[in-house]
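Each remark here refers to the structure printed beneath this line.
We use all heavy atoms of the structure for the numbers below, so side chains are in, but hydrogens, waters and symmetry mates are not. Each ligand, and each atom within it, is numbered from 1 in the order the structure gives.
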Amino acid sequence: MDGAILVTGGAGYIGSHAVLALCDAGHRVVVVDNLVTGFAWAVDPRATLVQANIEDAAVRDVIAEHGVRAIMHFAGSVVVPESVSDPLKYYRNNTAASRSLIESAVAAGVAHFIFSSTAATYGIPDVVPVAEDMPKRPINPYGMSKLMTEHMLGDVAAAHPMNYCALRYFNVAGADPQGRSGQSTAGATHLIKVAVEAATGKRGHVSIFGTDFATPDGTGVRDYIHVSDLAAAHVDALNLLIARPQQSHIMNCGYGRGYSVNDVLDAVDRVTNLRIERRYEGRRAGDPDALTADNARILSTLPWRPRLDDLDTIVAHALAWERKLGERGA
Ligand code: UDP
C-alpha cells in the first residue's frame, strides 16, 4: 500500500490498538507521540515511533519523510474533571494542537484525516440512543475541545483537498485479545479499569457514583465498546476515505446497547469469581443517566461489524491486561 499512516497518540491506550490494527492490515505506520501519558513499549515494533509534540514543526518533516497520506489523530488530553479545573490545557492540547496538526496536514497535502471524537460532544442528550445529528451541547471543556476540532475539520475539508472522518467514541474498554496492549495509565477513573484494578488487589473497593438515576437499577448506563472493535472501525474508516475522497463522515462508535454500573460489576464478579466490594456513593457532577449510541450510521456506512460485543469478553480482556501490568510491576 502506498504512503504511511501517521498515528498521533499511538503510544496511548486507543492509539496503540489502532497501530496494531493498521500493522495487522499491512499498513506502514509512523507514530508521533510526546510520551507524556503514552508508553514507548506500547507501540507495535512494526511501526516507527517519533517522540514529538503534534504541534512541532518536526511533524511536517515526518509527513514528508514517510510519505504520509493519512493521519489518525488520537493525541490529546482525556480526563473530563481535569478539563473542568484546567480548561485551557484542553483547549491547548486538544483544540489548538489539532489546529496545528491539521495545518501541517493541509500544507503537506495529506489527503485523509481520522479524528478521535467523543460522545461527550452530546452532553446530556434528550433521548438515547443518541444519533449523530442530534444536538451537540457539551457540558465540559473536554467535550467542547473535541467538538471545536470537528468543526475545524468540517471547514478545512470544504476548503482543501482533504476528507475526514470524526469517530465519536462511547465508553471504550477492554484490551487487545492477544495481550499486546491495554489501558496502562495510572490513576484511572474509568469504571472497567477501576473494577479490574480492584479485582487484582490494586484497590480495595469500587465506588458506585449514584443510585438514583432514571435507569432500571438506578445506576448509570453506558455503551461499552471493546477497544479492538473500535480500532477496527478506524481501519475501515480509512479505507472508505481513500475509496471516496469527496466524502467526509461523522459516526458514533458504540454497540447501541447499555449496561449499568451494577451490570459491569456483576460481569467482573463473574469473570473473576470474586465478590468485589461495592460502595454506594453520591453522583459525580455532570454524569448523564444513560448514554448509548445510535450506531445505524456506522453500520450502514462501513463494513465494520462488532466482533467483541460481549461484556464478559471486554472485562476478561481488561483483566488479563491488568494482570500483565501487575507482572511487570506497573
Ligand atoms: N462509575 C462509577 N464508579 C467509578 C467510575 C465510574 O460508578 O469508579 C460510573 C459513572 O458514574 C458512569 C459509568 O460508571 O455511570 C461510566 O463512567 P466512566 O468514568 O467509566 O466513563 P464516562 O461515561 O464518565 O465517560
Query raised in the report: With respect to M72, which candidate in T8, L22, L167, V31 satisfies the side chain to side chain contact (heavy atoms under 4.5 Å, CB included) definition?
Result: L22
Query raised in the report: For the atom pair CG (D310) and NE2 (H317), what is the distance rounded to the nearest 0.5 Å?
Result: 9.5 Å
Query raised in the report: Between R137 and Y122, is NZ or CZ placed under 6.0 angstrom from the six-membered ring centre and within 45° of the ring axis?
Result: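 R137 over Y122 ring: no.
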Query raised in the report: Is R275 salt-bridged to D269, cutoff N-O under 4.0 Å?
Result: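 Counted as a salt bridge, because a side-chain N and a carboxylate O are separated by less than 4.0 Å.
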Query raised in the report: Looking at residues at least two apart in the chain, or sitting in another chain, which of them share a ring-ring contact (aromatic ring centres under 6.0 Å, His included) with H73?
Result: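 Partners of H73 by the ring-ring contact (aromatic ring centres under 6.0 Å, His included) criterion, ordered by chain and then number, come out as F113, F115.
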Query raised in the report: Is there a path of hydrophobic side-chain contacts, each under 4.5 Å between heavy atoms of I, L, V, M, F, W or Y residues, that connects Y142 with Y169?
Result: no
Report summary line: Chain-and-number sorted residues having a heavy-atom contact under 4.0 Å with ligand 1 are N171, T189, H190, L191, V194, S207, I208, F209, G220, R222, Y224, V261, R284, D287
